[in-house]
**Q** 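Questions regarding the structure given below will be posed in turn.
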Amino acid sequence: AAPKPLAGRRAVVTSGPTHEPIDPVRYIANRSSGKQGHAVAAALAALGADVTLISGPVTLADPPGVRVVRVETAAEMLAASLAAVQTPAGPADIAVCAAAVADWRVATAAGDKVKKGPDGPPTLALAENPDILATLSQPGPRRPRLVVGFAAETRDVLTYAAAKLAKKGCDWIVANDVATGTGTFGGDDNQVHLLRRDAAPEAWPRLSKTAVAQRLAQAIADTFDPSATA
Ligand code: C5P
């Protein structure tokens with residue numbers, strides 16, 4: 001059999017939401033299912049990559065052939081992602097950030113359950129979470145050769161995605177429309193555009209999340225293929 005195109009390559013994928021605690025029993029979260037990120041991890045592994053999946057809380061099964069690190073918060077996801085990307089053997093080759101990381105956490109989570117009281121509802125002071133994609137994209141010897149982000153937007157998808165590519169410093173952005181009615185959040189299908197630096201955006205047809213992942217993994221493999229022309 002022909003060798004798999006990503007054999008010997010190391011990839012780190014983030015997936016799922018994060019949960020940011022308010023107190024021991026409550027948290028802030030979002031609607032990410034992790035389906036797209038988990039499918040990307042599986043697709044990269046199917047092409048031979050050594051994949052570490054950093055997963056927030058999801059109800060999905062672990063993808064086959066993938067090392068899974070479970071985390072809850074954005075801070076934990078960042079620490080796990082850095083540990084997976086930066087090893088004594090050098091940086092991972094590929095990072096794909098598909099997680100829906102909470103933008104904010106509660107600045108000081110309560111150690112005990114917050115109780116209802118005569119003073120009315122509590123006020124939550126929020127603090128900004130670290131941006132994992134931007135952190136992994138920072139130039140330097142520890143940067144993966146290819147860093148891919150996702151952009152979920154409800155309108156002006158291409159405009160916002162192009163801005164995100166510049167701001168985050170990643171190489172590619174997979175942009176998708178998550179407007180109400182598209183069914184993307186939690187659904188099985190996705191319609192995306194692939195934006196690469198210095199190339200025209202590619203509109204992909206509406207596909208299953210599995211097929212989007214396979215097509216993305218193949219595009220990644222093509223950029224690592226020494227026999228492919230640039
Ligand atoms: O800024 P926005 O959240 O729209 O960007 C989405 C992209 O950035 C996704 O690839 C997501 O995984 C990544 N991201 C991240 N850490 C954050 C916020 C977003 O890695 N704190």
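Just follow the structure's listing: the first ligand is 1, and inside any ligand the first atom is 1. It should be emphasised that the depicted structure is a prediction, and the values quoted were computed from it without experimental measurement.
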**Q** Could you tell me the residue and atom name of the protein heavy atom closest to atom 4 (O) of ligand 1, and the distance to it rounded to 0.1 Å?
**A**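 Checked against all protein heavy atoms, atom 4 (O) of ligand 1 sits closest to K164 NZ, 2.4 Å.
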**Q** Give the residue, atom name and distance (to 0.1 Å) of the protein heavy atom nearest atom 14 (N) of ligand 1.
**A**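 Atom 14 (N) of ligand 1 sits closest to the protein heavy atom D131 OD1, 3.9 Å.
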**Q** How far is atom 5 (O) of ligand 1 from its nearest protein heavy atom, and which residue and atom name does that atom have?
**A**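 Sorting protein heavy atoms by distance from atom 5 (O) of ligand 1 puts K168 NZ, 3.1 Å first.
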**Q** Quick one: closest heavy-atom pair of C170 and R197, and the distance?
**A**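 Here C170 and R197 meet closest at O-NE, 2.9 Å.
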**Q** Under 3.5 Å between any N/O of A151 and any N/O of ligand 1: does that happen in this structure?
**A**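 Among all N and O atoms of A151, none is under 3.5 Å from an N or O of ligand 1.
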**Q** Distance to 0.1 Å, residue and atom name: give those for the protein heavy atom nearest to atom 10 (O) of ligand 1.
**A**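 Going atom by atom, the protein heavy atom closest to atom 10 (O) of ligand 1 ends up being C97 O, 2.6 Å.
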**Q** List ligand 1 atoms under 4.0 Å from A99, heavy atoms only on the residue side.
**A**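 So the atoms of ligand 1 that pass are 11 (C), 12 (O).
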**Q** Answer yes or no: is there an ion pair linking D171 with R145, defined by an N-O contact shorter than 4.0 Å?
**A**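 Answer for the salt bridge query: no.
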**Q** Looking only at protein heavy atoms, which one is nearest to atom 9 (C) of ligand 1, and what is the separation?
**A**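 Protein heavy atom with the smallest distance to atom 9 (C) of ligand 1: F150 O, 3.0 Å.
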**Q** Specify the protein heavy atom at minimum distance from atom 13 (C) of ligand 1: its residue, its atom name, and the distance to 0.1 Å.
**A**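 Protein heavy atom with the smallest distance to atom 13 (C) of ligand 1: L133 CB, 3.7 Å.
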**Q** Nearest to atom 21 (N) of ligand 1 by heavy atom, A175, A74, P130: which?
**A**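 Looking at heavy atoms only, P130 sits closest to atom 21 (N) of ligand 1.
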**Q** Could you check whether any side-chain heavy atom of D188 comes within less than 4.5 Å of a side-chain heavy atom of S208, counting everything from C-beta outward?
**A**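 When only atoms from C-beta onward are counted, S208 and D188 do not touch, as no gap falls below 4.5 Å.
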**Q** For ligand 1, which atoms, with element, lie under 4.0 Å from some heavy atom of G149?
**A**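 Matching atoms, with element in brackets: 10 (O).
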**Q** Could you grab the distance from atom OH of Y160 to atom OG1 of T154, nearest 0.5 Å is fine?
**A**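 It is 8.0 Å, given to the nearest 0.5 Å.
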**Q** Please report the shortest heavy-atom distance between V157 and A175, naming the atom on each side.
**A**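 Minimum heavy-atom separation between V157 and A175: CG1-CB, 3.6 Å.
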**Q** Can you check which of I132, V13, N129 brings a heavy atom nearest to atom 15 (C) of ligand 1?
**A**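 Among I132, V13, N129, the closest heavy atom to atom 15 (C) of ligand 1 belongs to I132.
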**Q** Would you mind checking which non-hydrogen protein atom is closest to atom 17 (C) of ligand 1, with the distance to 0.1 Å?
**A**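 I find the closest protein heavy atom is V101 CB, 3.5 Å.
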**Q** Just wondering, are more than 12 heavy atoms of other shown residues or ligands nearer than 6.0 Å to CZ in R155?
**A**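 Atom CZ in R155 is not packed in, count stays at 12 or less.
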**Q** How about R142: does its CZ atom have over 12 heavy atoms from other parts shown lying under 6.0 Å from it?
**A**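 For R142, atom CZ is not crowded (no more than 12 foreign heavy atoms under 6.0 Å).
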**Q** Regarding D62 and R70, does a basic nitrogen lie under 4.0 Å from an acidic carboxylate oxygen?
**A**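 Yes.
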